[in-house]
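All remarks here apply to the structure that follows.
Numbers restart at 1 for each chain; the letters A, B, ... are given by sequence-line order, proteins then strands. Any value given below was found using the heavy atoms of this structure, including those in side chains, with hydrogens, waters and symmetry copies removed.
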Number of protein chains: 2
Amino acid sequence: MSEVYAARRTRLKEYCNAGGSAAALVSRPANVRYLAGPAPRGAVLLLGKTEDLLVCAGPIEGRSAQERPDEALRVQTLPGTGGGDPAVAAAGLVAGQGADSLAVEEHHLTVARHRALGSVAPRLRLAGLGCAVEQLRVVKDEEEISCLRIGAEIADQALGELLESILVGRTERHLALELERRLVDHGADGPAFPTSVATGPNAGRPGHRPTDRRVEEGDFLSVCLGATYRGYRCEIGRTFVIGTAPADWQIELYDLVFAAQRAGRESLVPGAACRDVDRAARQVLDSAGYTEGLTALTGHGVGLEIDEDPQLSPAAMGKLDACVPVTVEPGVHLPGRGGVRIDDTLVVRPEADGGPELLTITTKELLAL
Amino acid sequence: MSEVYAARRTRLKEYCNAGGSAAALVSRPANVRYLAGPAPRGAVLLLGKTEDLLVCAGPIEGRSAQERPDEALRVQTLPGTGGGDPAVAAAGLVAGQGADSLAVEEHHLTVARHRALGSVAPRLRLAGLGCAVEQLRVVKDEEEISCLRIGAEIADQALGELLESILVGRTERHLALELERRLVDHGADGPAFPTSVATGPNAGRPGHRPTDRRVEEGDFLSVCLGATYRGYRCEIGRTFVIGTAPADWQIELYDLVFAAQRAGRESLVPGAACRDVDRAARQVLDSAGYTEGLTALTGHGVGLEIDEDPQLSPAAMGKLDACVPVTVEPGVHLPGRGGVRIDDTLVVRPEADGGPELLTITTKELLAL
């Protein structure tokens, strides 16, 4: 892995040099991890003129081999019990090395921290690094995709086991916790995001937080979960019906959302505009009259964070590349009645390679449980 | 509750007016919750010249009564599917109302968001609100302390049940998940922070993240958990020995950390300097030769966040007031051997009221499990 991290840092340095900054300070945790490997909380990466340095507030010792940063990096741990800010320490170091400008992540540093950097190194010009690291992260290598694939398998397993158990009478909160336990059972680092379980009138609500409502006969039950595996986060969402047979309105609504989700999936080709993927899914719901209450996104990138670029939305710019993992997750929620969400994680692949690779393979038939 | 929120907002406005800003924008989530009640993710609170306004990116509808913001507040939800920034929208609104300055939370807003506020309202002077809301939050009212007390009871229950079960052979990860499930079983909103379970050589490591290591005979087992109840977060940490009888070194180390923790607890009186509380605990460990590897803090405030002011550290400024809940949590970790942490949540009370109120009442005897 060390070569992979080094190659990523080289690409970023080329970008910085082209922008006129010899040095860069990466502070956003997922970006630090991308360029340096797993690091203690609050660690920052300094890409210097002559050397790269990971500045940590806490110790590396005691961390398991899998939780250590790139061993090729020099690590500096802040001394004492002062609780200092690694970013400020890094700015002091780079100023001491004679750098005249430092590119920083202005979308991550707060105004107060930025000012503290300026105070410790008043001659250092603080430039903006923009979202350069986030942009590097969009296209994944096969190692990263393999982590997502394993995470998706874990989520599929956890969900499959839940479906075999008795659901009626159990609360949303308990089902969510059980899913999270099963994710860890099957080898996840942990859940990729707070697991959402929504029953009856809650079903289909985007980002629903589990309540004490119990599963009842006739309910829609929608579930959204994901596993983190070696830092990579995937997502799956499914909707079921509780009882022997779904009602007609449930079948109709399900078929509609299914059609929208399929349209989104089928439009995932390298070169497709992100807004066109969004439109493909959205117009199926639109043309059935569900214009109100749709979410801002019908999908998004996943990776070291659960919500990354690209965004699949009406206002999105940019096009999809091969090897970009995204979710496709349209849904409809009818206030007071419930609704349907269907959510997959897929990797954009050229048609010659078989088209989009579905990572979350749990069936999308409407199951009556 | 509505009067409580209104009174808090009034206090903040008095502070802002004294600082020369007629309007303030609160964006840090715990601060928004303190002043406005539970609000959707990303919501910001605008304290205007004439009216207070909660600006939300997501809908309030569908939230349970307990998850809704103060009903006396006017709520504005951003329209459409644009995914706009409520802080930017609020700055535009207040500029439109003719305000000339706006105090913002520079320790929360990123440089990029701050710039976007400036762009949408170029004539608005952006001042600093400092940590004014955090300072208001330090001293709790009895309603807040009651939430912490219930949270502590829940954590005590979850921990007590775990101790009755068989531990040998189970992994740190599973024990942590079981504790979290039990927290929710007993009525917590969720864990107050990621539950830490550490066995053998991991025991006593501050902030240890659970691994697949299994509990073995003769291990130290240290556990740190907390419940969130109505938004308020408490913390308890205990260390046990697995097996019939602890070894001599384990008893010695335990007694030492216990003495340090007791010294910290006993120094919690209104008017005590925070650094003196830290020193009381720290010097017990220091004088036994454990100067290396001590954590930066021996305790911290708790409330809507798990780590709030005051900080109990050598460099801390300020004094304790009555009705301030803090943790006291010294520990020692011996690399390769393990260690001991003991952690309570207490409320500072005057001696006339019986001295510090212990919220986490699980025994601190060295139990052999």
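For B/Ala116, no part lies under 4.5 angstrom from a heavy atom of chain A. Neither the backbone nor the side chain of B/Asp212 comes within less than 4.5 Å of any heavy atom in chain A. Heavy atoms closer than 4.5 Å to chain A are found in both the backbone and the side chain of B/His107. In this structure, no portion of B/Arg41 lies under 4.5 Å from any heavy atom of chain A.
Put simply, the side chain of B/Asn202 never gets that close to the backbone of B/His208: no donor and acceptor are under 3.5 Å apart. In this structure a side-chain-to-backbone donor-acceptor pair under 3.5 Å is missing from A/Arg214 to A/Thr171.
Scanning for side chain to side chain contact (heavy atoms under 4.5 Å, CB included) contacts around A/Ala57 gives A/Pro86, with sequence neighbours left out. A/Ala176 pairs by the side chain to side chain contact (heavy atoms under 4.5 Å, CB included) definition with A/Thr195, A/Val197, A/Pro210, not counting sequence neighbours.
Of the listed residues A/Glu105, A/His174, A/Glu180, A/Glu178, the one with more heavy-atom pairs under 4.5 angstrom with chain B than any other is A/His174. Heavy-atom pairs under 4.5 Å with chain A peak, among B/Asp189, B/Val111, B/Asp185, B/Val184, at B/Val111.
The only member of B/Glu329, B/Gln311, B/Glu308 that meets side-chain hydrogen bond (donor to acceptor under 3.5 Å, both in side chains) when paired with B/His300 is B/Glu329.
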